[in-house]
**Q** 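To start, I am sharing the structure in question, which I have written as structure tokens.
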Amino acid sequence: MKRIAFARIAQETNALSPVETTLADFQSTHCLEGDALMRAVTAGPEVKGYLKRLELAGFLDAVRDRKHEIEPVPILSAWAMSSGPLAAACLEELEARLLEGLRRAGPIDGMYFCMHGAMGARGIADPESRLLRSVRTVIGGAPLVISHDLHANLTRARVETADAIVAYQTNPHRDHVRVGRKAGQIAIGTVLGEIKPTMAWRTLPMILGGGKTIDFLAPMRAVFQHMRRAERSGEVLSASTLMVHPWNDDPSLGWSTVAVTDDDVAGAERVADQLAEMCWARRHEQPPTFATASEGIAQARAARVRRKLGCVTMSDASDVVTAGAPGDSTHLLRALLSEATGLLTYAAVRDPHAIEILWSRREGEQVELPIGGTLDPARSTPLPVTGSLVSKHVRHGFGRTAVLAVDHLRVVITEGPAVVVKPSFYSEVGLSPWKADIVMVKNFFPFLMFFLPYNRKTVFVRTSGTTDFDAAFQLRFDGPMHPRDVVDDWRDRDQLRRGLHRAAPAITEPRAHASSPGSG
Ligand SMILES: [Zn+2]
């Protein structure tokens, strides 16, 4: 019997957000060890309030197929909502628990480690590499397979420390279980000596491209099809394209590709290279441009019939909480209050301070207070409102929550992350999406699936915030970065980042970015 440990530490970091992620954020969302972790993964939900089955359930599926040869060993699973960088103490505590769990587990023959791949921590570069290196101090040279979200930023240190790296092949993501199973199969095959994973990768100086980056739509569809074809034909064990979380604070940020074969170096190199070329060819297809708040509200007002049949879903694209924004922006909220008059509008804002005030008030009471603009005061200012306190709730993941009626607005104020992705965010506090004209979400894509029954028109609104695509341009990079700068060739940077030290580039770096403004 061989023993394979499994663990998860996952959070997607937006380096521009001043809201630090602490251990409490993990503990209030998802943090399980040992037997409790095994129970959650086998019985579900794997992550409470999220999905019943995720990567670790997929890993256990793979183990079940070989249950007479493999014993799965649960270590630790910690997941927090996308937000600002982890506090150094938070990373250190998670790392300590992970290592303690591994030591307690006794002899380990291999490990599957599920990570997001775009996690940041205050003062610690590439914290996920640090975790991998720490794991190595306990498991030694035992096979170590990791999985990533496709918005991961791959680094040389990670490629050098792991035996195999696999990532989602869907965007919006819906193949968590499949990816966990694939990682499990590679780990099992390696531990049992049946395969010898061989990895090749490429990294591109590019943070945006591929249009909407949806796996089933052009221009990225062909890239995803190429990966699946290479896997189905047996050419590779796994092929991944990582489209990066652009607001990560890592100078070597960029899209990357990675291929894993069974002891076929040339094959891995070939597929990683093909995918990189395909991505680079799609670099000029930029994400869509979004409406201003006024334009978005006018579009919603004009959609009379559609509002009657359902609602207009309005994405606050500058304050996307699922991409790490603080969720406290008042730009769109202010515009909705003054310009969407007569339209019943559901909106959300995170404001722990306002919750503190509202918690001492009775339901039905008239209140006057500023809301929002407190977590990231540099990007938006508090909005003074007068309204009536409709209801108060305590909710898993969102913390204490209050509903405020302000004219035509129903504002859901949360103490914790304002993760507005599903209709239940509103319906659970008594606000039926059927009744609304406009429903605000703080999400880029997945809400489209969840709101399908209600949504008759989608409007993306850009104001100003940490999830504006060009907000990433203020970060520091290791050279020119597409599309901020003109970059004609990706191969020199790729060679440098991968440590291959090909002959120095013929052209010196056109500019240094040491004087970049912003928080970096
Ligand atoms: Zn992602």
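These numbers were taken from a predicted model, which means no experiment stands behind them.
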**Q** Are the side chains of Val19 and Arg350 in contact, using a 4.5 Å heavy-atom criterion?
**A**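 They are in side-chain contact.
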**Q** Quick check: do Thr170 and His176 have side-chain heavy atoms less than 4.5 Å from each other?
**A**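 They are not in side-chain contact.
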**Q** In terms of side-chain heavy atoms, does Glu231 have a donor or acceptor partner in Ser233 at a distance below 3.5 Å?
**A**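 Result is no, nothing qualifies.
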**Q** Is the backbone N or O of Ala105 less than 3.5 Å from a side-chain atom of Arg3, with the two atoms forming a donor-acceptor pair by type?
**A**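 Judged by distance alone, yes, a pair lies under 3.5 Å.
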**Q** Would Arg130 and Glu95 count as a side chain to side chain contact (heavy atoms under 4.5 Å, CB included) here? Give the steps.
**A** CA-CA 9 Å; Arg130 169 169 151 164; Glu95 181 180 34; 2.8 Å; yes
**Q** Measure from the side-chain N and O atoms of Asn171 to the backbone N and O of Thr213, and report whether any donor-acceptor pair falls under 3.5 Å.
**A**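 Yes; judged by distance alone, with no hydrogens or angles, the pair exists.
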**Q** Going by salt bridge (Lys or Arg N to Asp or Glu O under 4.0 Å), name the pairs with one or both residues in residues 22-42, residues two or more places apart or in two chains.
**A**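 The answer is Glu33-Arg97.
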**Q** Side chains of His116 and His151: closer than 4.5 Å at any heavy-atom pair?
**A**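 Yes, side chains in contact.
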**Q** In Å, rounded to the nearest 0.5 Å, how long is the span from CG of Leu86 to CD of Glu93?
**A**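 The distance works out to 12.0 Å.
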**Q** Ignoring hydrogens and angles, write down the donor-acceptor pairs under 3.5 Å from the side chains of residues 75-82, residues two or more places apart or on other chains.
**A**
| residue | atom | partner | partner atom | Å |
| --- | --- | --- | --- | --- |
| Ser77 | OG | Arg8 | NH1 | 2.9 |
| Ser77 | OG | His30 | NE2 | 2.6 |
| Ser82 | OG | Glu12 | O | 2.8 |
| Ser82 | OG | Glu12 | OE1 | 3.4 |
| Ser82 | OG | Gly324 | N | 2.8 |

**Q** Can you confirm whether Asn443 sits close enough to Phe450 that some side-chain heavy atom of one is under 4.5 Å from a side-chain heavy atom of the other?
**A**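 No, too far: nothing below the 4.5 Å cut-off.
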**Q** Using the six-membered ring of Phe425, assess whether NZ or CZ of Arg395 lies under 6.0 Å from its centre and within 45 degrees of the ring axis.
**A**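 The answer is yes, since Arg395 meets both limits relative to Phe425.
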**Q** When you measure from the side chain of Glu128 to the backbone N and O of Gly117, does any donor-acceptor pair fall under 3.5 Å?
**A**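 Such a contact is found between Glu128 side chain and Gly117 backbone.
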**Q** Restricting to ring-ring contact (aromatic ring centres under 6.0 Å, His included), what partner residues turn up for Tyr454, sequence neighbours left out?
**A**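 Per chain and number, Tyr454 pairs via ring-ring contact (aromatic ring centres under 6.0 Å, His included) with Trp434.
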**Q** List for me each residue that meets side-chain contact (heavy atoms from CB on, under 4.5 Å) alongside Asp468, sequence neighbours excluded, and say none if there are none.
**A**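 For Asp468, the residues satisfying side-chain contact (heavy atoms from CB on, under 4.5 Å) (neighbours in sequence not counted) are Ser318, Arg462, Ser464, Asp470, Ala471.
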**Q** Using modelled atom types and a 3.5 Å cut-off, is there a donor and acceptor pairing between side-chain atoms of Asp328 and backbone atoms of Asp351?
**A**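 The answer is no, because no donor-acceptor pair under 3.5 Å joins these two groups.
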**Q** Is the closest side-chain heavy-atom distance between Pro74 and Leu32 below 4.5 Å?
**A**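 Not in contact.
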**Q** Whether the side chain of Thr401 engages the backbone of Gly399 through a donor-acceptor N/O pair (distance < 3.5 Å, no angle test) should be reported.
**A**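 It does hold such a pair.
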**Q** Looking at Asn14 and Asn248, would you say the former's side chain and the latter's main chain have a donor-acceptor pair under 3.5 Å?
**A**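 Not a single qualifying donor-acceptor pair exists.
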**Q** Among all residues two or more places apart in sequence or in another chain, which pass the side chain to side chain donor-acceptor pair (under 3.5 Å) test with Tyr168?
**A**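 Tyr168: side chain to side chain donor-acceptor pair (under 3.5 Å) contacts with Glu55.
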**Q** Can you find a side-chain donor-acceptor pair between Arg178 and Gln169 that sits under 3.5 Å?
**A**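 Distance-only check passes for Arg178 and Gln169.
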**Q** Is it the case that His245 and Asn153 place a side-chain donor and acceptor less than 3.5 Å from each other?
**A**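 Their side chains do not contain a donor-acceptor pair, so the 3.5 Å distance test is not met.
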**Q** Going by the rule side-chain contact (heavy atoms from CB on, under 4.5 Å), which residues pair with Ala152 if we only count those two or more places apart in sequence or in a different chain?
**A**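 side-chain contact (heavy atoms from CB on, under 4.5 Å) list for Ala152, sorted by chain: His148, Leu242.
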**Q** Would you indicate whether Lys392, at its atom NZ, is surrounded by more than 12 heavy atoms from other residues, nucleotides or ligands within a distance under 6.0 Å?
**A**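 Result for NZ/Lys392: enclosed.
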**Q** Among all residues two or more places apart in sequence or in another chain, which pass the salt bridge (Lys or Arg N to Asp or Glu O under 4.0 Å) test with Asp215?
**A**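 Once residues adjacent in sequence are excluded, the partners of Asp215 under the salt bridge (Lys or Arg N to Asp or Glu O under 4.0 Å) criterion are Arg174, Arg228.
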**Q** Using the side-chain hydrogen bond (donor to acceptor under 3.5 Å, both in side chains) rule, collect all pairs that involve residues 195-212, keeping only residues at least two apart or in two chains.
**A**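 As it turns out, the side-chain hydrogen bond (donor to acceptor under 3.5 Å, both in side chains) pairs with a partner in residues 195-212, which skip direct neighbours, are Arg202-Glu269, Arg202-Asp273, Thr203-Arg497.
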**Q** Does a side-chain N-to-carboxylate-O contact under 4.0 Å join Arg122 and Glu20?
**A**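 Looking at Glu20 together with Arg122, the answer is yes, because their closest N to O distance falls below 4.0 Å.
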**Q** Are Leu102 and Val135 side-chain neighbours, meaning at least one heavy-atom pair lies under 4.5 Å?
**A**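 With C-beta onward as the side chain, the pair touches.
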**Q** Among pairs that include at least one residue of residues 117-147, which meet ring pair (Phe, Tyr, Trp, His ring centres under 6.0 Å), considering only residues two or more places apart or in two chains?
**A**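 For residues 117-147, and leaving out neighbouring residues, there are no ring pair (Phe, Tyr, Trp, His ring centres under 6.0 Å) pairs at all.
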**Q** Quick one: do Thr21 and Gln11 satisfy side-chain hydrogen bond (donor to acceptor under 3.5 Å, both in side chains)? Show the steps, please.
**A** CA-CA 9 Å; Thr21 299; Gln11 192 259 10; 3.0 Å; yes
**Q** Where is the tightest heavy-atom contact between Ser329 and Ser380, given as atom of each residue plus distance?
**A**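 In this case the closest contact between Ser329 and Ser380 is CA-OG, 3.4 Å.
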**Q** I need the minimum non-hydrogen distance between Asp109 and Val191, along with the two atoms involved.
**A**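 Scanning both residues completely, I find the closest heavy atoms to be O-CG2, 3.4 Å.
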**Q** Has the side chain of Thr467 got a donor or acceptor atom that lies under 3.5 Å from a matching backbone atom of Val320?
**A**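 Present.
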**Q** Has His226 got more than 12 heavy atoms of other residues, nucleotides or ligands less than 6.0 Å from its NE2?
**A**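 Yes, enclosed.
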**Q** Let me see the working for Thr29 and Gln27 under side-chain hydrogen bond (donor to acceptor under 3.5 Å, both in side chains), right down to the final yes or no.
**A** CA-CA 5 Å; Thr29 311; Gln27 282 164 334; over 6 Å; no
**Q** Are Val439 and Tyr426 side-chain neighbours, meaning at least one heavy-atom pair lies under 4.5 Å?
**A**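 Side-chain contact under 4.5 Å: yes.
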**Q** Show your working on ring-ring contact (aromatic ring centres under 6.0 Å, His included) between Phe6 and Tyr112 and close with a plain yes or no.
**A** CA-CA 5 Å; Phe6 64 97; Tyr112 165 49; 7.9 Å; no
**Q** Could you tell me the separation between the NE2 atom of His173 and the CG atom of Leu51, rounded to the nearest 0.5 Å?
**A**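 Spacing of NE2 (His173) from CG (Leu51) equals 11.5 Å.
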**Q** Side-chain contact, heavy-atom cut-off 4.5 Å: Arg136 with Ile139?
**A**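 SC-SC contact between Arg136 and Ile139 confirmed.
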**Q** Can you list the residues that meet the salt bridge (Lys or Arg N to Asp or Glu O under 4.0 Å) rule with Asp319, with sequence neighbours excluded?
**A**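 Scan of Asp319 (salt bridge (Lys or Arg N to Asp or Glu O under 4.0 Å), adjacent residues dropped) gives Lys442.
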**Q** If we ignore hydrogens and angles and just use 3.5 Å, is the side chain of Thr13 paired with the main-chain N or O of Pro85 as donor and acceptor?
**A**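 Not confirmed, Thr13 side chain does not pair with Pro85 backbone.
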**Q** Only counting residues at least two apart or in another chain, list the ones meeting salt bridge (Lys or Arg N to Asp or Glu O under 4.0 Å) with Arg181.
**A**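 Expected list: Asp61.
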**Q** Would you say Trp255's side chain and Met243's backbone share a donor-acceptor pair under 3.5 angstrom?
**A**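 Answer holds: yes.
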**Q** Side chains of Asp126 and Ser129 only: does a donor on one sit below 3.5 Å from an acceptor on the other?
**A**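 Yes, because at least one side-chain N or O of Asp126 sits under 3.5 Å from a partner of the opposite role on Ser129.
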**Q** Kindly write out the residues that satisfy ring-ring contact (aromatic ring centres under 6.0 Å, His included) with Phe444, not counting sequence neighbours, or none if the list is empty.
**A**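 Residues passing ring-ring contact (aromatic ring centres under 6.0 Å, His included) with Phe444: Phe469.
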